[in-house]
There are 2 protein chains.
Amino acid sequence: MYSMLDLHQRTSPLQWLLIAVAQKWVATLVCDMKLDLKAKRITQDPLADISPWDTLNWHSRQILNDMSKVITFRKETVSEHRLFIVLSGVMAVRRELSDGRWTFSTLFKAGDIIDTERHERIHQGKLMALNSVDVMLVTSETFRQCLTTTPDINRVYSQVMRILAERARDHITDLACKTPTELVASVLFEFKRWPQSIQINKSDTVVLPISRRNIAHYLGIKPETISRVFNKLETQQLLQVPLADHVIMLDAPKIRQIANGGHPRGQG
Amino acid sequence: MYSMLDLHQRTSPLQWLLIAVAQKWVATLVCDMKLDLKAKRITQDPLADISPWDTLNWHSRQILNDMSKVITFRKETVSEHRLFIVLSGVMAVRRELSDGRWTFSTLFKAGDIIDTERHERIHQGKLMALNSVDVMLVTSETFRQCLTTTPDINRVYSQVMRILAERARDHITDLACKTPTELVASVLFEFKRWPQSIQINKSDTVVLPISRRNIAHYLGIKPETISRVFNKLETQQLLQVPLADHVIMLDAPKIRQIANGGHPRGQG
DNA sequence: CGTCACGTTGACCCGTTTCAATATTGGTGG
DNA sequence: CCACCAATATTGAAACGGGTCAACGTGACG
């Protein structure tokens, strides 16, 4: 940049050309630097793009970033940490019965905060990464203190916790009354709302973020049943399954209707 | 009291008798007054006896009491309030599907805080009293502000919220993998942990705090199934059901084992 | 005494699980 | 690039479990 200013002092036609070329080159260089800076800023402030943490003011995010570090769980990893924010991927609480049956009681996606520190009771289940998962690790004491000192963070924290409680109640409702067909229809819409890792322009395409086997464990049914449900819905022209993890909703309203209880027992 | 002192000034045998009678009368009167005072204190500080709110210091409880009022929901009442602490009785979130099926997704007992204020989504289900329920009503703004200004209250609040989240995950696990027999066994222990309205000296007796019909809706099964399960467990000498809402555990360890997954499909 | 809600019992049957076999996918290394 | 393996997904057949429905018993209440 300084050399460019120097060039300006003594101008000749050739030099003008050189200057023009140099300017262009420098411009692209600066542009690249800006992009690089932006990329760097994003990696340093990963919450900026994740709802609802993007509603934090810059200062609050700065506090959070300063007290935390970003780490990655590889697929199938069990986390010993019990307090962090999910940045990408899917984590789950795996809970087991004594004879080996188990379920994913909760799924956590980007933006969710996982706060399952032990209180009096011991067994809470394992925290597992179903994908490669980026998380933002915070230390318990600092974070708890920060919740009392920074109302902005407390606001978002309690908002997320209430959304999670609401999702849990949704899930309970599903498990308690829905038939497998309705369960699958519901979970399609649940995944549809999630931030898709692969951006699909077709808005009616849902990318299943986890394997069907894991979906089955989340819904409390068997993988075979999920397969049969997809078959049935496909023959009814309600959806298409071009790939194992891609579902195209052909008749979203009808699927929505099924998800809300439109397929009780005794309707084939 | 003053008149009694007056009597003391001029003593005669008859007066002594009168004094004695009067003293006794006054004593019982004072005693009654003390009881009354104590009752009044309890009604003024209802959190003093309810875990985990009893761990609050006196000052914090005073703050909570000052900002709130105690009201009673009668049985079957639907509450429009969405933020309060349960003092006695059982409340539930009733959620429905479009075709009439419904479940109690969450049960709230004494000590639980109900904080289901709406965020972006609309339908969260109805808050219902399954009993006569005393609650401590707080105004949202005051309470939220208080959470930021009083760490003591914030501590208990987040403790309760985490316990509730944990209970939700328990419930999800139950619904997702357990057979009806295991569900019923589980719910017996859940109720066993609750503060019993009627104190039973026999520690192995569980008083069902809600009707079997409602238990069925909570567990996502039918009342008929619950009845059959009790029959089966009774013929296996594991428990006794002297009254419809009293269950005596004859073999608590075995029932515990069943609750944790000791009765999968295919075991009769 | 009638009504109503709740709980119980029995018979039947649909649907999900179970089990087994096969097809498909994805990853690894030659 | 292909072969190979493991994990996952699919398909079929059979069995059992809990849902459904109907009828009856019971207790609370006016």
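Excluded from the calculations below are hydrogen atoms, water molecules and symmetry mates; all remaining heavy atoms, backbone and side chain alike, are included. Throughout, protein chains are lettered first and strands after them, A, B, ... in sequence-line order, and every chain is numbered starting at 1.
Between the side chain of T103(B) and the main chain of C177(A), no donor-acceptor pair closer than 3.5 Å is present. No side-chain donor-acceptor contact under 3.5 Å links S105(A) to the backbone of I172(B). Looking at R95(B), its side chain never comes within 3.5 Å of a backbone N or O of T173(A) through a donor-acceptor pair. Of the possible polar contacts, none joining the E117(B) side chain to the R82(B) backbone as a donor-acceptor pair under 3.5 Å is found. Checked by atom type and distance alone, the side chain of R169(B) never pairs as donor or acceptor with a backbone atom of T106(A) at under 3.5 Å.
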Please table the atom pairs, donor to acceptor, closer than 3.5 Å between any side-chain atom in residues 216-225 of chain A and protein atoms at least two apart or in another chain.
{"unit_1": "H217(A)", "atom_1": "ND1", "unit_2": "W102(A)", "atom_2": "O", "d": "3.4"}
{"unit_1": "Y218(A)", "atom_1": "OH", "unit_2": "E190(A)", "atom_2": "OE1", "d": "3.4"}
{"unit_1": "Y218(A)", "atom_1": "OH", "unit_2": "E190(A)", "atom_2": "OE2", "d": "3.0"}

Return a table of donor-acceptor pairs under 3.5 angstrom between the side chains of residues 247-262 of chain B and protein atoms on other chains or two or more places apart.
{"unit_1": "D251(B)", "atom_1": "OD1", "unit_2": "K254(B)", "atom_2": "N", "d": "3.3"}

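Protein atom CD1 of I221(B) is 18 Å distant from nucleotide atom P of dT16(C), rounded to whole Å. Remark: C1' of dA5(C) and CD1 of I210(B) are 16 Å apart, rounded to the nearest angstrom. Whole-Å rounding puts the L243(B) CG to dC6(C) P distance at 18 Å. The separation between L130(B) atom CG and dA5(C) atom C1' is 15 Å, rounded to whole Å. Atom-to-atom, NE2 of H263(B) to P of dC16(D) comes out at 14 Å; the value is rounded to the nearest Å.
Contacts between residues 177-189 of chain A and DNA chain D, defined by a heavy-atom separation under 4.0 Å, are absent. The stretch residues 211-219 of chain A touches DNA chain D through S211(A), R212(A), R213(A), each having a heavy atom within less than 4.0 Å of the strand.
With values rounded to the nearest 0.5 angstrom, T116(A) atom OG1 is found 9.5 Å from R162(B) atom CZ.
Across all strands shown, I226(A) has no heavy atoms under 4.0 Å from either base or sugar-phosphate atoms.
Counting only heavy atoms from C-beta outward, the side chains of F104(A) and L130(A) approach each other to under 4.5 Å. The shortest side-chain heavy-atom distance between V93(A) and L127(A) falls under the 4.5 Å cut-off. Side-chain contact check for I210(A) versus L107(A): some heavy-atom pair is nearer than 4.5 Å. Contact of the V90(A) side chain with the W194(A) side chain is registered, since non-hydrogen atoms from C-beta on lie closer than 4.5 Å.
The phosphate of dT8(C) (OP1 or OP2) has no side-chain N or O of N231(B) nearer than 4.0 angstrom.
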Each nucleotide N or O in nucleotides 18-24 of chain C that has a protein N or O under 3.5 Å away: list the pair and distance.
{"unit_1": "dT18(C)", "atom_1": "O4", "unit_2": "R228(A)", "atom_2": "NH2", "d": "3.1"}

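Note on E96(A) versus R94(A): salt bridge recorded, some NZ/NE/NH1/NH2 to OD/OE distance being below 4.0 Å.
With the end axes of the helix from dC1(C)-dG30(D) to dG30(C)-dC1(D) each set by five pairs, the angle from one to the other reads 40° at 10° resolution.
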